[in-house]
Enquirer: 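What follows is a single structure, and I will ask about it in a moment.
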Amino acid sequence: MPVFKRELAFAADRPLENAGDWWHLVLDTDAPGLYVEHSWARMGVHSDGQADRGAQRFGINDFLTLAEGQAAQPMLMGALKEMFRDSEPTSE
């Protein structure tokens, strides 16, 4: 089954070298889950042209708590509101 990704934000470290941080909202239909994935590529001065790459997954609630002040947080909130815009708000 497919994995759907929606880019939330990109912060360029070195745009000409395709280095920086990417945040995506991901829906994995095989192992049903909705999460935020942060991936990065960093070019170090001592890396011999090799990028340091990595990725980390966050549950939605964890990401909203940990990413306060990051560009990806308001984008995630916008994406979630868009997903649920046809729903009526419920009071708890």
Enquirer: Would you say L25 and M83 make side-chain contact, with heavy atoms under 4.5 Å?
Expert: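 Side chain of L25 against side chain of M83, heavy atoms only: contact under 4.5 Å found.
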Enquirer: Looking only at heavy atoms, which two atoms of R42 and G20 are closest? And how far apart?
Expert: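 Heavy-atom minimum between the residues: NH1-O, 4.0 Å.
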Enquirer: Could I get the full list of salt bridge (Lys or Arg N to Asp or Glu O under 4.0 Å) partners for R6, not counting sequence neighbours?
Expert: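 By the salt bridge (Lys or Arg N to Asp or Glu O under 4.0 Å) rule, R6 matches E82.
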Enquirer: Pairs of donor and acceptor atoms involving the side chains of residues 54-67, under 3.5 Å and at least two apart or interchain, shall be tabulated with distances.
Expert:
unit_1, atom_1, unit_2, atom_2, d
R57, NE, Y35, OH, 3.4
R57, NH2, Y35, OH, 3.2
T65, OG1, N61, O, 3.1

Enquirer: With sequence neighbours left out, what residues match L27 under side chain to side chain contact (heavy atoms under 4.5 Å, CB included)?
Expert: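 Once residues adjacent in sequence are excluded, the partners of L27 under the side chain to side chain contact (heavy atoms under 4.5 Å, CB included) criterion are F4, T29, L34.
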Enquirer: Tell me, please, which residues at least two apart from E37 pass side-chain hydrogen bond (donor to acceptor under 3.5 Å, both in side chains).
Expert: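 Expected list: K5.
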Enquirer: Run the ring-ring contact (aromatic ring centres under 6.0 Å, His included) test against H38 and tell me which residues pass, sequence neighbours left out.
Expert: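 ring-ring contact (aromatic ring centres under 6.0 Å, His included) list for H38, sorted by chain: W23, W40.
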Enquirer: Please name all residues satisfying side chain to side chain contact (heavy atoms under 4.5 Å, CB included) with A71, sequence neighbours left out, ordered by chain then number.
Expert: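 Result, side chain to side chain contact (heavy atoms under 4.5 Å, CB included) vs A71: A9.
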Enquirer: Of the non-hydrogen atoms in M75 and L8, which two are nearest, and what is the gap between them?
Expert: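 Scanning both residues, the minimum pair turns out to be CG-O, 3.1 Å.
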